[in-house]
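Worksheet for the structure shown next.
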Protein chains: 2
Amino acid sequence: MPVELRDTYLFTTLTDPQLEQVRTLSRKINLGEDEVLFECGTPASRFFLMLSGQIKLSRLSMDGNEKVIGIVHPGNTFAEALMFQEQPSYPVTATAIKDSELLGFDNQQFSQMLRGSVDSCFRMMGDMSQRLRSLIKEIDDLTLQNATNRVAGLLYQYQLMREAETFTLDAPKGVLASRLSVKPETFSRILHHLSDKEIIRVKGNKITVLNSDELRELSHEDPFTGTKKINIPGGVCPLTGNKRCL
Amino acid sequence: MPVELRDTYLFTTLTDPQLEQVRTLSRKINLGEDEVLFECGTPASRFFLMLSGQIKLSRLSMDGNEKVIGIVHPGNTFAEALMFQEQPSYPVTATAIKDSELLGFDNQQFSQMLRGSVDSCFRMMGDMSQRLRSLIKEIDDLTLQNATNRVAGLLYQYQLMREAETFTLDAPKGVLASRLSVKPETFSRILHHLSDKEIIRVKGNKITVLNSDELRELSHEDPFTGTKKINIPGGVCPLTGNKRCL
DNA sequence: TCCTATTTTTAACTACACTCAAATAAACCA
DNA sequence: TGGTTTATTTGAGTGTAGTTAAAAATAGGA
């Protein structure tokens with residue numbers, strides 16, 4: 001199904017004329033695999049809505065190591081938060097990892113339109129708030145969880161999203177590894193290890209979850225809220241009866 | 001100097017009557033050292049402005065490890081982004097590490113006021129955008145920089161902010177260590193090591209920078225923009241002539 | 001289909017930062 | 001002031017994930 005402008009989180013509160021205005025501001029962009037949309041450090045004048053394909057957002061360290069900060073899927077917008085900075089520059093490089101179609105929106109013009117719609121401002125703020133939350137979770141993962149926890153967490157998320165025991169990893173393992181801040185070799189070893197313990201079965205990029213409970217346990221995620229379990233002294237989550245959750 | 005409401009980033013665009021309204025919504029809060037303002041996972045109904053003291057924002061892993069996500073200083077607001085979530089709950093625990101005074105603002109009421117001021121919405125979005133950027137930098141630090149780089153980065157930031165070769169670490173070393181996701185022992189060892197190389201001199205919590213260039217080099221920060229240097233294939237930062245920077 | 005290029009896996013080894021333990025230093029309070 | 005607690009430092013040993021290298025599997029093109 002094609003992505004509809006009005007179904008996009010950021011645009012749902014717009015009136016028809018506003019939506020039409022937004023449509024006229026947008027420019028269609030096509031990217032081939034491995035093509036770069038923008039590079040880290042360059043001035044940011046547009047933000048984007050994915051229509052199809054897949055894009056990775058990444059940073060490169062001085063010694064040449066790449067860290068994938070995020071993977072963008074159809075229906076998602078990205079780089080919109082930069083609109084509100086003085087002299088915005090992209091903090092990541094965006095590279096298509098599949099042939100992709102997207103819409104680009106001019107920051108200035110969109111910002112102008114936002115001024116006419118407090119509702120859209122609130123949408124935007126909800127969106128940014130969500131992103132902040134997920135980045136905090138990410139920092140939590142990086143600092144308080146080990147590599148196995150993170151891999152388990154990824155697989156558990158896949159299982160929840162696909163609502164199936166068997167699913168396909170939709171990005172190359174190397175990219176997923178970098179997303180988790182783990183080397184490809186380590187990622188491979190961990191998958192193997194989880195196989196040995198009969199928690200999952202791996203066949204190429206197809207994964208079957210054999211023991212979902214154990215996987216969730218390893219991922220330190222809360223079953224009900226789908227969020228990270230964290231230890232609060234004496235605290236119990238009012239929703240789940242589990243230890244209090246984020 | 002006491003913190004003035006109208007000098008606070010979030011409130012500077014408010015009109016006098018709006019500011020007065022905000023003032024009436026605020027409630028003064030006093031915290032003693034080690035007192036907890038809110039706990040991770042509890043429902044969030046207010047956000048805060050620091051007037052004096054110091055507060056740490058932290059998370060606890062299942063096995064009891066603490067990670068300090070941030071340290072809040074007078075003049076800063078925190079937890080305001082939660083206002084825009086459906087059923088907001090604090091993603092961190094806030095604990096005073098010095099006796100502190102703050103103002104609490106009711107989310108509902110403040111949100112209502114925001115609807116009357118697009119300018120303030122834009123302030124808020126600028127604020128959140130900034131926070132997003134700093135969290136991305138944080139993830140960069142955690143994944144692409146080693147412990148020494150991070151400690152050097154912290155010291156370099158102190159030096160820039162204080163505009164002095166000699167400065168005082170304003171939080172216990174253990175807290176700073178956790179802020180950097182490093183164990184206190186490792187933090188201590190790295191300071192010692194930097195002393196040995198005559199890059200800094202350490203005397204209790206007083207640090208003197210002896211070799212600022214070397215410190216900056218170790219921190220991988222860009223001298224001009226004050227932001228992280230990252231490697232972009234073939235790219236040079238137009239501002240600094242350095243490798244392109246974030 | 002073969003051949004090449006890329007990705008993934010396996011294996012042996014290494015190192016950075018952690019753990020554990022104890023000594024020292026600093027802060028706190030009676 | 002002395003005595004207790006807490007924070008910091010130092011030392012020795014360990015483990016997790018990274019590095020290096022090479023084999024195996026997979027994908028892609030002629």
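Reminder, nothing fancy here: chain letters follow the sequence lines and each chain counts from 1.
With respect to B:Arg201 and B:Glu165, no salt bridge is recorded, no charged nitrogen being found less than 4.0 Å from a carboxylate O. Using a cut-off of 4.0 Å between Lys/Arg side-chain N and Asp/Glu carboxylate O, A:Lys137 and A:Asp140 are scored as not salt-bridged.
Classification of the B:Tyr90-B:Phe48 ring pair by plane angle, with boundaries at 30° and 60°, yields tilted.
Rounded to whole Å, the distance from CG on A:Asn205 to C1' on D:dA27 is 12 Å. When rounded to the nearest whole Å, the span between CZ of A:Phe187 and P of C:dT10 equals 13 Å. For A:His193 and D:dT16, the NE2 to P distance is 10 Å, given to the nearest whole Å. Taking atom NZ on B:Lys67 and atom P on C:dA17, their separation rounds to 14 Å, with Å as the unit. Rounded to an integer number of Å, the gap from B:Ile97 CD1 to C:dA27 C1' is 16 Å. The distance from atom NZ of A:Lys183 to atom P of D:dG18 is 7 Å, rounded to the nearest whole Å. Atoms NE2 (A:His192) and P (C:dT7) sit 22 Å apart, rounded to a whole Å. Atom CG of A:Asp99 and atom P of D:dG28 are 11 Å apart (whole Å).
Counting only heavy atoms from C-beta on, A:Glu185 has its side chain closest to D:dT19 among D:dT8, D:dT19, C:dT19. Set against D:dG18, C:dA17, D:dT10, the side chain of B:Ser188 has D:dT10 as its closest nucleotide.
Interface remark: the A:Arg150 side chain does not form any donor-acceptor pair with the D:dT16 base, using a distance-only criterion of under 3.5 Å.
A:Arg27 CZ: 12 or fewer foreign heavy atoms inside a 6.0 Å radius. Other residues, nucleotides and ligands contribute at most 12 non-hydrogen atoms within 6.0 Å of the NE2 atom of A:His193.
Between B:Asn65 and A:Arg189, the one whose closest nucleotide on DNA chain C sits nearer the 5' end is A:Arg189. In this structure, A:Gly204 and B:Lys173 both approach DNA chain D, and ranking their closest nucleotides by distance from the 5' end singles out B:Lys173.
Using a 4.0 Å heavy-atom distance criterion, B:Ser181 is classed as a sugar-phosphate-only contact.
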